[in-house]
Structure formats: C-alpha cells, structure tokens
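Here the structure comes first, spelled out in structure tokens, and everything after it is commentary.
The structure presented is a predicted model; accordingly, all values stated were derived computationally and were not measured. In what follows, chains carry the letters A, B, and so on, assigned in the order in which the sequence lines appear, proteins first and then strands, with residues in each chain numbered from 1.
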Amino acid sequence: MKKVMLTILLGLSYTVLADSASKIDSASKIDSASIIDRAEKLNAEARARHNAWVPTQRFIDQANSALSSGDEEGAKAAADKAVFLAEASLKQADVEQKTWKQRQLVK
Amino acid sequence: MFVRFLPVLFMILSSASMADVEADREAFRAFYAKRFSSIPVEAHVDGVYALDEAKRAQWLEMEEFPPYEFSVDDGEALYDEPFTDGSGYGDCFADGGAVKHLYPRFEGGEVVTMEVAVNQCRVQHGMESLAYDSEEMMQLTSYIAYASRDQLIDIKVPEDALPAYERGKQFYYSRRGQLNFSCSHCHMQIVGSQLRAEVLSASYGHVTHWPTYRLKWQEVGSLHRRFAECNGQVGAEALPLQSQPYRELEYFLTAIARGLLLNGPASRK
C-alpha cells in the first residue's frame, strides 16, 4: 500500500514538474513571439499617426528571422529594441502634438 | 447682453484665422530676408543655387541642355492625345495647361494637387488613373509646369480649408524620425549651412519648380518624392506619394509662397 502511494505521489510530482518545465519552455517561446507582436502593434499605431521610424521595422524583421531560425535570445533582443523604438516614436508624436507650436514663426 | 456680441466675436475670431495665412507668408518672407540680407527673398525659387555661387555656376551649365526637356516634349504629346471618349486634358484645364499657379486647390473637402487633378480629369473621361510615380505622370506634369512658367502662384485658402492648411503647417514644424528633426530645423534654423556635401535651402520657394530632374534620381521626380526622401533622412518612415499629409504639407508650403514665380521643371543635383 505504502509502495503504491509512493508511486502515485512520485508519478504526480513528475507530471507536475514535467508540466511546469514545458510551461517554462513554451513561456519563453511565447515571450519572444509576443514581444514581436507587441512591437508590431505599437509600430502600426505609430504608422497610423504618420510617425513611424524606419529602424523599428528593421528590428521587427530581424526579430522575425531570428525566431524562425530558432535563435530565441536574438529574437528577444531585436524585438525589445523594436518595442523601445516604437514606444519612443509614439511618445514623439504625443509631445509634438503641442510643442510644434513653439517652433512656429511669428511676425 | 453677451449674446448680442456673439456674432461680433465670431467674426473677429474667423477673420483672425483667415488672416493667419497671410501672416505666415509675411513671417516666412521676413525670416529669410533677414537671414540672407544680401539676396532678394524671391531668389529662393532657385533653392540652394540662390545661396552658393560655385554650385550655381555648375547648375547653370547643367541648365544649358535641360535634362527635363524630353520629359516636357513627351508630356506635351501625351497632353494633346485625345481620350477614348474624344475629350482631352484641354476639357479639364484652361490655357493649354498653364494652370499650375492655381494648384493645389481645396475642393470637395480635400486638397487637390496637380497630380490628383490630372487623375480626376482622366477618370471623369473614362480613362484609368495613372500611378503617381509613373513616367507618364511625370511627363504630363513636366509639360504642365513648363506651360505654367512665369505665372505667379495664386492659390487661395478658403475658410473651410483652414484645418487642412493648419495640419500641413503642423507637419512642417513637427519633429519626426529617430533623429528628431522637423522640416523647420533643417530648412529654417540651420538654413544655408552645410549638411554633408549639401547646402540647406530655404523652404520659401520650395514648391515652385516641380517636377524636377535630379542627377541622383537620373530622372524627373515629384515634390512628394522629395518629401519622402527628406523624411527618410531623419529616420522617419516616408508616406505614400499624394497621401493626405503630403498634400496638406504641399498646400501649406504653396500658400505661403503666394506671389512667387513658377520656374518648373528644374534640375537639381
């Protein structure tokens, strides 16, 4: 009886462990893909506001090709840069909404 | 009591915004007249060649055999070719196409540039519209620019066009791209100074000479193509030719250039 319990317990903990291990594994995959996804959404927003930056798309492309060649770390690094640039371009659009007026020539 | 004054207040407010275009024009003229006090402000229609003697000499040499000449000739032939319904461009544009000084216009709630007007004319008469970067479009607009030479820019900004004018102005003064530059930073603040091998020209007069043959392009290209290139230089994504923001930018730059001489097509490096 004891042996049976032990086996069940071990079996259970094994599946739990294995399960969480595979979760960690797919989490890191979802992670880089979702950073790319986020970068793409932000860049689309910047584009809709006519304020996208050229290098943002370049880093998105770089992240995508790293991901498809299995380079998870490379994909993340490039996607992070793309997110950073896309956020900065949106920030610029926000700030300029007001500050352009200060540059206006007045007679 | 207050209600009685409302119409008056409204009149003051709206006439103030009407006057803005003229005030902007005067401010631009005054700015460049002061910055380059040794040349007449109208001379900026020649762009950088108004500012740099050596470049001007090279340019005058290039203009002796104008590289846009074929484009004008081919454009004239296209202009005279009847549409399939028997009509032609002459049914849309007066004076043999000498109409560039009246464009962009504000019609149907939008800015209609010369290129857009050419396509509107075609579609009205059952023809397909032309791609904005097509050779045919460049030839037609080269011919129209040539026929319109020596006219003075004479566009009006009616009351209902003021929001479009204002958006164009905002585009001009807004920082863009990773380098965080606005048009005004290069063509106003540091105008006349050297940027790599180039000297920065004044914005006043930037619209008078399009389309233009550029050595760099090895062909005739449009004003919006130049906008796209200037956007790209600061790491900003270029917008499509004849997109609404570019048309409104052109509208702003042309409105403040009212009274300037048309001198297109031209050649540039």
Problem set entry | For chain B, which residues of residues 46-63 of chain A have heavy atoms nearer than 4.5 angstrom | A/Arg47, A/His50, A/Asn51, A/Ala52, A/Trp53, A/Val54, A/Pro55, A/Gln57
Exercise. For chain B, which residues of residues 92-101 of chain A have at least one non-hydrogen atom nearer than 4.5 Å to it?
Worked result: A/Gln92, A/Glu96, A/Gln97, A/Trp100
Exercise. Around B/Glu135, counting heavy atoms of other residues, nucleotides and ligands shown, do more than 12 lie under 6.0 Å from its CD?
Worked result: no
For this session: Report the option among B/Gln170, B/Glu26, B/His185 that has the most heavy-atom pairs separated by less than 4.5 Å from atoms of chain A.
Result: B/Gln170
Exercise. Would you find more than 12 non-hydrogen atoms of other residues, nucleotides or ligands less than 6.0 Å from B/Glu53 atom CD?
Worked result: no
For this session: Name the option with the most non-hydrogen atom pairs under 4.5 Å to chain A; the candidates are B/Ala238, B/Gly177, B/Ala30.
Result: B/Gly177
For this session: Could you tell me which portion of B/Ser182 (side chain, backbone, both or neither) has an atom closer than 4.5 angstrom to a non-hydrogen atom of chain A?
Result: side chain
Problem set entry | B/Asn231 portion near chain A, given a 4.5 angstrom heavy-atom threshold | neither
Exercise. Do A/Arg103 and B/Arg175 come close enough that some side-chain heavy atom pair is under 4.5 Å?
Worked result: yes
Problem set entry | Engaged part of B/Tyr172 at the chain A interface, taking heavy atoms whose separation is under 4.5 Å | neither
Exercise. Can you tell me how far the CZ atom of B/Arg29 sits from the CG atom of A/Leu105, to the nearest 0.5 Å?
Worked result: 13.5 Å
